[in-house]
Amino acid sequence: MKPSLATPPSSPAAARELQTRLAMRVRLENTLPADVRTVAGLDAGIDRRHRRVRGAAVLCDARSLEPLAVAVAERPIEFPYVPGLLSFRELPALLEALDALPQRPDLLLCDGQGVAHPRRFGLAAHLGVVAELPSIGVAKSRLCGSHAALGPGAGDCVPLYDGEECIGHVLRSRAGCRPLYVSAGHRLDQITALDWVRRCLKGRRLPEPIRLADRLASRRRGASPAAPARRR
DNA sequence: GCGACAG
DNA sequence: ATCTTGTCGC
């Protein structure tokens, strides 16, 4: 049997070896449906007190970016946070949330790296391979790689390199904000990944599907259109 | 040996 | 990730 997901790796070293093996399954050629109708945003939050990780998935209409459905799943934390091994901590909860959606998304947008990772197997790549869905990594900070100076304007972008290899792009999604680190996760190429992230932006730093998932995963209140003012 | 290090 | 006051800007 293969409890690759039911049981977490017994050590960081074992986790790295598993990543190296699974990374061989990553495909960076486009296999996106001719018509992408839905995009799901995924993010996780930590409940320190209960040692639990909460995964959130928000299914959005690919054109309007309006949310169609949401799902949340909680699991006990079974793996520590180790740079480069984030997926072993968050993946179980994220997969459970993904499975709880009423339908399978055409594309996944995940908070974390895609292949912009030491072993080319960040959270988004891992999620894409396991769920067998096209996926994109959108990280709020850099894990590895180097890049040229980035312009200050919204939309400015430079490639992210590890040596000669382009492992993603650094994108100024919004003026005055720190950039996003966008990288392909699975079943699409870097330019297509960048393209979709841009298409999912809605004037905020984070692409809409991830921004919505982020609000669900952390226990912050969501600013509803008519958010009632809290009592003071 | 010394930094760097997704969330 | 999470904590947490003050501050800047529309």
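Sequence lines set the chain letters: A, B, ... in the order given, protein chains first and strands last, and positions in each chain run from 1.
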Please list, in 5' to 3' order, the outermost nucleotides of DNA chain B lying under 4.0 Å from any heavy atom of chain A. dA4(B) to dG7(B)
If we ignore hydrogens and angles and just use 3.5 Å, is the side chain of R54(A) paired with the main-chain N or O of L216(A) as donor and acceptor? yes
Under the rule for salt bridge (charged side-chain N to carboxylate O under 4.0 Å, His left out), what residues qualify as partners of E164(A), not counting sequence neighbours? none
Any donor-acceptor N/O pair, H169(A) side chain to P159(A) backbone, under 3.5 Å: no
Below 4.0 angstrom, which residues in residues 145-164 of chain A have at least one non-hydrogen atom near DNA chain B? none
Distance-only donor-acceptor pairs under 3.5 Å for side chains of residues 87-103 of chain A, two or more places apart:
{"residue": "S87(A)", "atom": "OG", "partner": "H126(A)", "partner atom": "ND1", "Å": "2.8"}
{"residue": "R89(A)", "atom": "NH1", "partner": "F79(A)", "partner atom": "O", "Å": "3.0"}

Looking at R198(A), I want to see if its CZ is surrounded by more than 12 non-hydrogen atoms of other residues, nucleotides or ligands under 6.0 Å. yes
All side chain to side chain donor-acceptor pair (under 3.5 Å) counterparts of D156(A), not counting sequence neighbours: none
Sequence neighbours excluded, the answer for salt bridge (charged side-chain N to carboxylate O under 4.0 Å, His left out) partners of R199(A) is none
Ignoring hydrogens and geometry, is there a side-chain-to-backbone donor-acceptor pair from N30(A) to D189(A) under 3.5 Å? yes
At the 4.0 Å heavy-atom cut-off to chain A, mark where contacts on DNA chain C begin and end, going 5' to 3'. dA1(C) to dT2(C)
What residues form a salt bridge (charged side-chain N to carboxylate O under 4.0 Å, His left out) with D111(A), not counting sequence neighbours? K140(A)
What is the nucleic acid contact for L86(A), judged by heavy atoms within less than 4.0 Å: base, sugar-phosphate only, or nothing? base
I'd like to know whether C110(A) forms a side chain to side chain contact (heavy atoms under 4.5 Å, CB included) with L42(A), so could you lay out the CA-CA distance, the side-chain angles of the two residues, the decisive distance to 0.1 Å, and finally the verdict. CA-CA 5 Å; C110(A) 318; L42(A) 301 175; 4.1 Å; yes
Only Watson-Crick and G-U wobble pairs with both distances less than 3.5 Å should count. Give DNA chain B in dot-bracket notation, marking inter-strand partners with |. .......
For T38(A), all residues meeting side chain to side chain donor-acceptor pair (under 3.5 Å), sequence neighbours excluded: none
Are there more than 12 heavy atoms of other residues, nucleotides or ligands under 6.0 Å from atom CZ of R52(A)? yes
Positions of residues 176-190 of chain A (non-hydrogen atom under 4.0 Å from DNA chain B), listed by number: none
Rounded distance [0.5 Å steps], CG in L133(A) versus NE2 in H186(A): 8.5 Å
Regarding G84(A), tell me which of base, sugar-phosphate or nothing describes its non-hydrogen contacts under 4.0 Å with the strands shown. base
What contact category does G122(A) fall into here, base, sugar-phosphate, or nothing, at under 4.0 angstrom with non-hydrogen atoms? base
Using a 4.0 Å heavy-atom cut-off across all strands, classify I77(A) as base, sugar-phosphate, or nothing. nothing
Is any side-chain N of the basic residue among E66(A) and K202(A) closer than 4.0 Å to the acidic one's carboxylate O? yes
What does the 5'-to-3' dot-bracket notation of DNA chain C look like when only Watson-Crick and G-U wobble pairs under 3.5 Å count, and pairs to other strands show as |? ..........
If we ignore hydrogens and angles and just use 3.5 Å, is the side chain of Q190(A) paired with the main-chain N or O of A184(A) as donor and acceptor? yes
Answer whether the closest heavy-atom distance between the side chains of L201(A) and P207(A) falls below 4.5 Å. yes
Taking atom CZ of R104(A) as the centre, does the number of heavy atoms from other residues, nucleotides or ligands within less than 6.0 Å exceed 12? yes
May I ask you to decide if P76(A)'s main-chain N or O and R51(A)'s side chain share a donor-acceptor pair within less than 3.5 Å? no
